[in-house]
Amino acid sequence: MEVGFLGLGIMGKAMSLNLLKHGFKVTVWNRTLSKCDELVEHGASVCESPAQVIKKCKYTIAMLSDPCAALSVVFDKDGVLDQICDGKGYIDMSTVDAETSLKINEAITGKGGRFVEGPVSGSKKPAEDGQLIILAAGDKALFEESIPAFDVLGKKSFFLGQVGNGAKMKLIVNMIMGSMMNAFSEGLVLADKSGLSSDTLLDILDLGAMTNPMFKGKGPSMNKSSYPPAFPLKHQQKDMRLALALGDENAVSMPVAAAANEAFKKARSLGLGDLDFSAVIEAVKFSRE
């Protein structure tokens, strides 16, 4: 199976490598073409534009940073729309809002192509291990044809119906994750400021009903003020913002998420946007100084 892949950031690079390691032929593109070099060493081919990738491949996956990037790759000169046509499938695994997915779907299907949105739950390590959770919606036949690739990239794929549902589900998942991370940060800082061991707090949480992989994985490095980016904070804040907009659209009160979003915005203003989203703890520390 030959697959095109657009976008080689933290997630896209790991996902492309997994496909190559499992015998897929992969043709890649990235805005900064030098990021393709490592993939070439593992057997990937490179194209100089999204349009060239679409022309070459029956199926193309995109993993881009935000709605603006997702739209640009489709609509700009030498973009996806230049070559999408009957028989071509486009799978956008970026985290965007439902409106963006619907706009891309309309453009792709308007030229005879097929579209699936497939945002993923999981960050760098699950991407490297092929343990993502895929939240797909759109063309059911294309979804089913993509299962061999999805089975390499993730541990479970959900088909959620019409385009927009995948985007909404991903934003809800990330909104919960961001709210939890903010509360977790507050707890670690409060323990420290109260003269208690934040390492002991981690041990206690790990033994109780609140144990979870995020606390267990992020807590020790947070206690060392170390935030290597598995999921950049700027992307978490973008997802919080989009989730709050979805809440507004549906008249759902979300005060906890709104407060967490303010903490992530504060962290961005402190210059922490490119660090892991767990660096939000620095905004909590700052507010208590």
Side-chain angles (χ1 to χ4, degrees), residues 9-11 13-15 18 95 119-135 151 153-158 169-240 243-244 254-268 270 272-289:
I10 291 172
M11 299 293 288
K13 176 183 170 184
M15 294 162 73
N18 262 342
T95 298
V120 300
S121 180
S123 57
K124 182 181 180 182
K125 187 67 164 62
E128 291 172 342
D129 295 342
Q131 292 293 297
L132 298 168
I133 302 166
I134 297 166
L135 310 174
D151 284 349
L153 299 174
K155 60 183 176 181
K156 177 75 174 178
S157 298
F158 291 88
M169 186 66 82
K170 176 60 191 298
L171 292 177
I172 292 167
V173 169
N174 276 18
M175 177 272 293
I176 295 170
M177 181 174 73
S179 298
M180 286 175 61
M181 178 54 76
N182 190 54
F184 183 46
S185 297
E186 290 181 355
L188 291 174
V189 173
L190 182 58
D192 181 65
K193 294 297 184 182
S194 300
L196 301 169
S197 166
S198 52
D199 287 327
T200 300
L201 174 60
L202 293 181
D203 291 338
I204 293 167
L205 291 174
D206 194 41
L207 292 169
M210 287 183 289
T211 183
N212 67 76
M214 184 173 77
F215 290 178
K216 191 168 186 174
K218 301 290 187 184
S221 60
M222 292 168 72
N223 279 344
K224 296 174 183 175
S225 300
S226 175
Y227 316 105
F231 179 41
L233 186 144
K234 62 186 178 184
H235 296 330
Q236 175 65 67
Q237 195 270 311
K238 174 260 297 182
D239 294 347
M240 297 299 291
L244 288 167
M254 296 165 60
V256 173
N261 184 48
E262 291 302 315
F264 283 104
K265 284 198 290 186
K266 180 63 179 178
R268 287 190 70 179
L270 295 172
L272 306 174
D274 290 325
L275 299 181
D276 190 72
F277 79 113
S278 55
V280 71
I281 192 172
E282 295 296 329
V284 179
K285 292 176 184 176
F286 184 87
S287 69
R288 284 164 170 75
E289 288 178 353

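Quick note: numbers below take in every heavy atom, side chains included, and nothing from hydrogens, waters or symmetry partners.
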Query raised in the report: Can a salt bridge be assigned to the pair Asp276 and Lys218 using a cut-off of 4.0 Å between side-chain N and carboxylate O?
Result: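 Answer for the salt bridge query: yes.
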Query - Salt bridge flag under 4.0 Å for residues Glu128 and Lys125 - result: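 No, no charged N to carboxylate O under 4.0 Å.
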Answer whether the closest heavy-atom distance between the side chains of [X] and [Y] falls below 4.5 Å.
X: Phe184; Y: Leu202; answer: yes
X: His235; Y: Phe277; answer: no
X: Leu190; Y: Val284; answer: no
X: Leu233; Y: Asp274; answer: no
X: Lys155; Y: Leu132; answer: no
X: Phe231; Y: Ile10; answer: no
X: Gln236; Y: Met240; answer: yes
X: Val173; Y: Asp239; answer: no

If every non-hydrogen atom of [X] is compared with every non-hydrogen atom of [Y], which pair is closest and at what distance?
X: Ser179; Y: Ala257; value: OG-CA, 3.6 Å
X: Leu205; Y: Phe215; value: CD1-CD1, 4.3 Å
X: Ala283; Y: Ala263; value: CB-O, 3.5 Å
X: Ala243; Y: Met175; value: CB-CB, 3.6 Å
X: Tyr227; Y: Ser278; value: CD2-OG, 3.7 Å
X: Ala191; Y: Leu201; value: CB-CD2, 4.0 Å

How long is the straight-line distance from [atom2] of [Y] back to [atom1] of [X], given to the nearest 0.5 Å?
X: Asp199; Y: Lys224; atom1: CG; atom2: NZ; value: 8.0 Å
X: Asn18; Y: Gln131; atom1: CG; atom2: CD; value: 9.5 Å
X: Glu262; Y: Asn182; atom1: CD; atom2: CG; value: 10.5 Å
X: Met181; Y: Ile281; atom1: CE; atom2: CD1; value: 8.5 Å

**Report entry** Met214 CE: over 12 foreign heavy atoms closer than 6.0 Å
**Finding:**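 Yes, enclosed.
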Query raised in the report: In terms of heavy-atom contacts, does CE of Met177 have more than 12 from other residues, nucleotides or ligands at under 6.0 Å?
Result: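 It does: Met177 CE has more than 12 such atoms within range.
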Can a donor-acceptor pair be found, under 3.5 Å and without considering hydrogens, that links the side chain of [X] to the backbone of [Y]?
X: Lys170; Y: Val120; result: yes
X: Thr211; Y: Leu207; result: no
X: Ser194; Y: Leu196; result: no
X: Lys238; Y: Thr95; result: yes
X: Asp129; Y: Ala127; result: no

Requested in this report: Could you go through the side chain to side chain contact (heavy atoms under 4.5 Å, CB included) check for Lys216 and Asn212 one step at a time?
Outcome: CA-CA 6 Å; Lys216 191 168 186 174; Asn212 67 76; over 6 Å; no
Query raised in the report: Going through the distances and angles, do Ser185 and Lys285 end up as a side chain to side chain contact (heavy atoms under 4.5 Å, CB included)?
Result: CA-CA 9 Å; Ser185 297; Lys285 292 176 184 176; over 6 Å; no
Requested in this report: Any chance you could lay out the side chain to side chain contact (heavy atoms under 4.5 Å, CB included) test for Leu270 and Phe286, step after step, and finish with the verdict?
Outcome: CA-CA 9 Å; Leu270 295 172; Phe286 184 87; 4.0 Å; yes
Report task. Decide yes or no on side chain to side chain contact (heavy atoms under 4.5 Å, CB included) for Ile134 and Lys156, but give the supporting numbers first. Result -> CA-CA 6 Å; Ile134 297 166; Lys156 177 75 174 178; over 6 Å; no
Requested in this report: Check whether the side chains of Ser198 and Asp192 place a donor and an acceptor atom closer than 3.5 Å, and report yes or no.
Outcome: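 Ser198 vs Asp192: no donor-acceptor pair found between side chains.
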